There are 2 protein chains.
Amino acid sequence: MTRDRVVEVALELLDSEGPAGLTMRALGAKLGVAPTAIYWHVGDKAALLEAVVDHITADVGEVHVGGVEPLERICSTARSLRHNLLERPYLVAVVHHQGRTAEIFRPARLVLAREFAASGLEERDAALAGEAVLHHVIGSVLIEQQVARAPEQRQPPEPSIEPGELFEFTLDALVRALTGC
Amino acid sequence: MTRDRVVEVALELLDSEGPAGLTMRALGAKLGVAPTAIYWHVGDKAALLEAVVDHITADVGEVHVGGVEPLERICSTARSLRHNLLERPYLVAVVHHQGRTAEIFRPARLVLAREFAASGLEERDAALAGEAVLHHVIGSVLIEQQVARAPEQRQPPEPSIEPGELFEFTLDALVRALTGC
DNA sequence: ACCTGAACACCGTTCAAGT
DNA sequence: ACCTGAACACCGTTCAAGT
């Protein structure tokens with residue numbers, strides 16, 4: 001029983017049971033310990049969620065930047081970020097609930113601003129362009145996840161648009177527009 | 001005490017106290033009635049939330065489309081949608097929790113696809129372009145709201161980028177890229 | 001038809017008490 | 001230092017009982 005172990009098991013519980021399943025009692029049971037023992041190691045549930053999101057933030061921050069020219073590096077950063085966000089099903093909801101959505105984008109934000117600057121934009125425009133790409137990524141992921149677990153949606157959003165294809169199509173148009181190619 | 005009255009007061013409670021404050025007990029108290037009376041009119045809390053989101057969906061769906069040429073109509077639709085989404089602070093979170101994010105975009109989606117088609121794109125490309133604009137709107141709103149109520153964010157996302165300005169900048173670039181102007 | 005009250009199973013949390 | 005158990009205030013929900 002260490003703080004790291006508690007957070008680790010909390011993440012497992014989150015992945016398997018969802019946010020509603022992550023209760024102090026269930027977590028205690030999975031740790032083989034009384035629920036109240038958690039309070040000694042990590043504090044209350046707010047502190048636990050902070051720690052969980054700390055871990056998630058670190059994971060999401062590890063964006064893989066490939067390619068050599070700025071345009072390709074921008075696109076690969078966006079793809080990597082999207083991939084990281086789609087990995088954990090409840091990631092966006094939990095991070096949003098903690099009010100830390102802006103925070104998890106920091107590493108990608110820095111890369112994007114740098115690469116847009118390298119593509120010829122001046123500092124402020126590069127920052128704006130980077131933010132635009134982030135908006136596109138989070139918007140895509142949010143809607144993709146929602147469409148996936150929609151209730152009995154009367155009809156699919158559009159006749160057979162595959163999410164990945166849609167993402168690539170739009171990313172390409174957006175980045176070309178922002179860099180002025 | 002009618003079903004509509006219950007939903008109406010539930011929306012008030014949601015706006016004033018947030019999602020955590022919307023409890024059957026608090027709702028009963030505000031209605032001057034026992035919490036269990038709600039069950040007779042609207043069913044359980046899941047049914048209540050469905051009804052609340054029904055109402056929100058109708059509100060968000062009322063997008064104002066201005067201008068005459070397609071490009072201006074697309075931008076004004078996006079602005080109107082953004083405005084509607086920003087109006088209620090907990091809208092995005094509640095709708096997302098109900099798994100109905102894709103649904104609230106339906107009216108705007110139809111308008112956007114139609115206008116992109118009018119601008120010269122063929123049907124499928126018009127649908128893709130419309131979806132891209134929706135991604136941009138939801139992404140912008142999500143991050144804007146999060147930055148607004150971030151905890152003790154160490155530093156603001158970027159040196160003084162006003163959200164509205166950022167939205168306009170990116171929307172313009174995106175739409176011009178998609179329509180090929 | 002409409003509402004109340006008691007009751008139940010579940011939360012998060014505190015705190016004295018154990019080792 | 002680390003954990004347990006009982007207890008408390010809060011949830012959503014059911015259901016018999018009232019009018």
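Residue numbers start from 1 in every chain, and the chains themselves are labelled A, B, ... in the order their sequence lines are given, proteins ahead of strands. This is a predicted model, so every value here is computed, not measured.
Salt bridge R106(A)/E62(A): absent, no basic N to carboxylate O contact under 4.0 Å. Salt bridge status for E123(B) with R114(B): absent, with no side-chain N to carboxylate O gap under 4.0 Å. Taking a cutoff of 4.0 Å between a charged side-chain nitrogen and a carboxylate oxygen, E103(B) and R109(B) do not qualify as a salt bridge.
At distances below 3.5 Å, not a single donor-acceptor pair connects side-chain atoms of S80(B) with backbone N or O atoms of V63(B).
In this structure, of dA1(D), dT4(D), dT13(D), it is dT13(D) that holds the atom nearest to the side chain of D44(B). If you check dT13(C), dC2(D), dT13(D) against the side chain of R25(A), the one that comes closest is dT13(C). Picking from dA1(C), dT13(D), dC2(D) the nucleotide with the shortest atom distance to the side chain of K45(B) gives dT13(D). For H41(A), whose side chain is taken as the heavy atoms from C-beta onward, the closest listed nucleotide among dC2(D), dT4(D), dT14(C) is dC2(D). Out of dT13(D), dC3(D), dC3(C), the shortest distance to the side chain of A37(A) is found at dC3(D). For T36(B), the listed nucleotide lying nearest its side chain is dC15(D); candidates were dC3(C), dC3(D), dC15(D). Taking the side chain of M1(B) as heavy atoms from C-beta on, and the options dC3(C), dG12(D), dG12(C), the nearest nucleotide is dC3(C).
As a whole-Å value, the separation of I38(A) CD1 from dT14(C) C1' is 15 Å. Atom-to-atom, CH2 of W40(B) to P of dC3(C) comes out at 8 Å; the value is rounded to the nearest Å. If you measure from atom CZ of R5(B) to atom C1' of dC3(C), you get 17 Å, rounded to the nearest angstrom. If you measure from atom CZ of R3(B) to atom P of dA1(C), you get 18 Å, rounded to the nearest angstrom. M24(A) has its CE atom 19 Å from the P atom of dC10(D), to the nearest Å.
Across all strands shown, dG5(D) forms a Watson-Crick or G-U wobble pair with dC15(C), both key distances being under 3.5 Å.
Between the side chains of S140(A) and H135(B), at least one donor-acceptor pair of N or O atoms lies under 3.5 Å.
Residue A34(A) is classed as a sugar-phosphate contact, given heavy-atom separations below 4.0 Å to backbone atoms only.
The residue among P35(A) and A46(B) whose nearest nucleotide of DNA chain D is located toward the 5' end is P35(A).
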